[in-house]
Asks: 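After the structure tokens below, expect a handful of questions from me.
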Amino acid sequence: MTPKRLFDFLPLAVQSLTQPRATLRQILAIPLDRSEIILAAWLVIVLNLAFSTFFEILAPMPAGGSSTAVPLGTSVVVLALTMFGGAFVMYRVGRAFGGTGSFDDSLKTITWLNFVVLLVQIAIPIVSLLSAEASGLVILLVFVIAMVQITALVMELHGFTKVVPVLLGIIGAQLVFGALLLVVLGMMGVTVPMESVN
């Protein structure tokens with residue numbers, strides 16, 4: 001059965017935690033044109049913003065009364081650059097190393113990855129309301145899940161077979177992309193508030 005509604009993707013997201021490559025094959029098999037993939041990517045961006053805003057409202061105000069929340073406009077720019085720029089990097093770097101994935105499939109993959117990670121990280125603010133120590137463990141778990149997912153998905157997308165080179169390539173690409181993102185945001189005059197440590 002081809003998923004058609006947002007809720008139809010929830011079982012696939014759960015399945016992706018244990019079978020990421022098989023699940024991605026199902027996602028890539030869904031017939032979508034580029035405009036529909038872009039729309040799906042924007043939907044995930046909006047969901048990300050909605051969840052972060054909701055839990056930001058629930059979170060207690062830090063001591064001193066000053067909020068470290070990122071402005072909505074900045075969040076939109078960062079998420080959009082991360083989503084679409086990440087898809088381009090996933091496509092170009094993968095092809096440079098002999099991968100076979102297309103740009104459209106890369107955009108599908110990065111959108112799916114962000115959807116799965118979004119669902120997993122919902123636990124972070126919930127647990128943080130109960131225990132700061134437990135939230136640290138959950139954050140670490142989410143990071144591990146995200147790295148396992150992206151490694152498996154890139155391998156499936158581009159037809160790679162060796163885990164270690166893919167993992168190292170992902171880490172290298174993320175470092176370079178992160179640095180470029182900071183430069184682009186700086187050129188656009190977009191600033192991300194940083195929490196000061198006293």
Side-chain angles (χ1 to χ4, degrees), residues 1-59 69-91 94 99-130 135 138-139 141-159 170 174 177:
M1 183 183 79
T2 301
K4 296 180 180 178
R5 300 170 302 170
L6 181 62
F7 287 106
D8 294 339
F9 289 92
L10 296 180
L12 285 175
V14 174
Q15 175 185 301
S16 186
L17 297 178
T18 56
Q19 304 174 59
R21 297 186 67 166
T23 306
L24 183 63
R25 284 195 291 272
Q26 293 178 258
I27 296 298
L28 295 180
I30 299 172
L32 298 172
D33 58 38
R34 183 171 294 180
S35 63
E36 292 172 317
I37 301 171
I38 291 172
L39 186 62
W42 276 109
L43 174 60
V44 172
I45 289 172
V46 170
L47 287 174
N48 219 311
L49 290 169
F51 279 121
S52 61
T53 301
F54 175 72
F55 287 114
E56 196 175 286
I57 292 170
L58 291 182
V70 178
L72 180 61
T74 299
S75 296
V76 172
V77 171
V78 170
L79 287 171
L81 286 175
T82 301
M83 184 77 75
F84 298 107
F88 180 77
V89 169
M90 183 181 286
Y91 165 64
T100 57
S102 66
F103 175 74
D104 284 359
D105 282 349
S106 295
L107 185 53
K108 268 188 182 180
T109 301
I110 204 79
T111 301
W112 178 247
L113 172 67
N114 277 274
F115 180 67
V116 173
V117 172
L118 170 64
L119 295 180
V120 173
Q121 68 185 7
I122 288 173
I124 295 174
I126 295 174
V127 174
S128 68
L129 295 174
L130 305 175
S135 70
V138 173
I139 290 171
L141 178 61
V142 169
F143 175 77
V144 171
I145 290 172
M147 289 306 296
V148 169
Q149 289 290 309
I150 191 171
T151 302
L153 297 184
V154 168
M155 290 179 69
E156 182 62 33
L157 171 68
H158 285 296
I170 289 168
Q174 286 179 333
F177 180 68

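Everything numeric in this text was worked out from a predicted model, so none of it was measured. Residue numbers count from 1 along this sequence.
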Asks: How far does CD1 of Ile30 sit from CZ of Arg25, to the nearest 0.5 angstrom?
Replies: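 One finds 14.0 Å between CD1 of Ile30 and CZ of Arg25.
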
Asks: Measuring from Ser102:OG to Tyr91:OH, what's the distance to the nearest 0.5 Å?
Replies: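 The OG atom of Ser102 sits 7.5 Å away from the OH atom of Tyr91.
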
Asks: With a 3.5 Å distance limit and no angle check, can you tell me whether Ser16 reaches the backbone of Leu12 through a side-chain donor-acceptor pair?
Replies: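 Looks like no, no N/O pair under 3.5 Å.
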
Asks: Looking at every non-hydrogen atom in both residues, tell me the closest pair between Gly159 and Thr100 and how far apart they are.
Replies: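 The pair with the smallest heavy-atom distance is N-OG1, 4.2 Å.
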
Asks: May I ask you to test the Leu153-Ile110 pair for a side-chain heavy-atom distance under 4.5 Å?
Replies: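 Side chain of Leu153 against side chain of Ile110, heavy atoms only: no contact under 4.5 Å found.
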
Asks: Within a strict 4.5 Å, meaning less than it, do heavy atoms of the Leu119 and Val14 side chains meet?
Replies: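 Leu119 vs Val14: side chains apart.
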
Asks: Just wondering, do Val116 and Thr23 contact through their side chains at under 4.5 Å, heavy atoms?
Replies: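 Contact flag for Thr23/Val116 side chains = no.
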
Asks: Any side-chain heavy atom of Glu156 within less than 4.5 Å of one from Pro20?
Replies: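 Result no, sub-4.5 Å side-chain heavy-atom pair not found.
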
Asks: Quick one: does any side-chain atom of Asp8 pair with a main-chain N or O of Arg5 as donor and acceptor, under 3.5 Å?
Replies: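 Side chain of Asp8 to backbone of Arg5, a donor-acceptor pair under 3.5 Å: yes, one is there.
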
Asks: Look up atom NZ in Lys108 and atom CD in Glu36, then write down how far apart they are to the nearest 0.5 Å.
Replies: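 So the gap between those two atoms works out to 9.0 Å.
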
Asks: Between the main-chain N or O of Val142 and the side-chain N or O of Gln121, is there a donor-acceptor pair closer than 3.5 Å?
Replies: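 Side chain of Gln121 to backbone of Val142: no pair is present.
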
Asks: For the atom pair CG (Asn114) and CD (Gln149), what is the distance rounded to the nearest 0.5 Å?
Replies: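 CD of Gln149 is found 11.5 Å from CG of Asn114.
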
Asks: Any idea which heavy atoms bring Gly86 and Phe177 closest together, and the distance?
Replies: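 Closest pair (atom of Gly86, atom of Phe177, distance): N-CZ, 3.7 Å.
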
Asks: Step by step, work out the side-chain contact (heavy atoms from CB on, under 4.5 Å) result for Ile37 and Phe103.
Replies: CA-CA 11 Å; Ile37 301 171; Phe103 175 74; over 6 Å; no

Asks: Any non-hydrogen side-chain atom of Met83 less than 4.5 Å from a side-chain atom of Leu79?
Replies: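 Of all side-chain heavy-atom pairs linking Leu79 with Met83, none is under 4.5 Å.
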
Asks: Please check if any side-chain donor atom of Asp33 sits under 3.5 Å from a side-chain acceptor atom of Ser35, or the reverse.
Replies: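 A pair is found: one side chain offers a donor N or O, the other an acceptor, under 3.5 Å apart.
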
Asks: Taking it one step at a time, do Phe84 and Ile38 satisfy side-chain contact (heavy atoms from CB on, under 4.5 Å)?
Replies: CA-CA 9 Å; Phe84 298 107; Ile38 291 172; 4.2 Å; yes

Asks: Find the distance between OG (Ser106) and CG (Leu113) and round it off to the nearest 0.5 Å.
Replies: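 Nearest 0.5 Å value for the OG-CG distance: 12.0 Å.
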
Asks: Can you give me the closest heavy-atom contact between Ser75 and Leu49, atom names plus distance?
Replies: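 Closest pair (atom of Ser75, atom of Leu49, distance): CB-CD2, 3.5 Å.
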
Asks: Would you please classify the geometry between the Phe115 ring and the Phe9 ring as parallel, tilted or perpendicular, with 30° and 60° separating the classes?
Replies: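 Ring orientation, 0 to 90° scale: perpendicular.
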
Asks: Name the one of Thr109, Asp105, Thr111, Asp104 that satisfies side chain to side chain contact (heavy atoms under 4.5 Å, CB included) with Leu107?
Replies: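 Running side chain to side chain contact (heavy atoms under 4.5 Å, CB included) over Thr109, Asp105, Thr111, Asp104 with Leu107 returns exactly one hit, Thr111.
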
Asks: Could you tell me the separation between the OG1 atom of Thr151 and the CE atom of Met147, rounded to the nearest 0.5 Å?
Replies: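 With rounding to 0.5 Å, OG1 (Thr151) is 5.0 Å from CE (Met147).
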
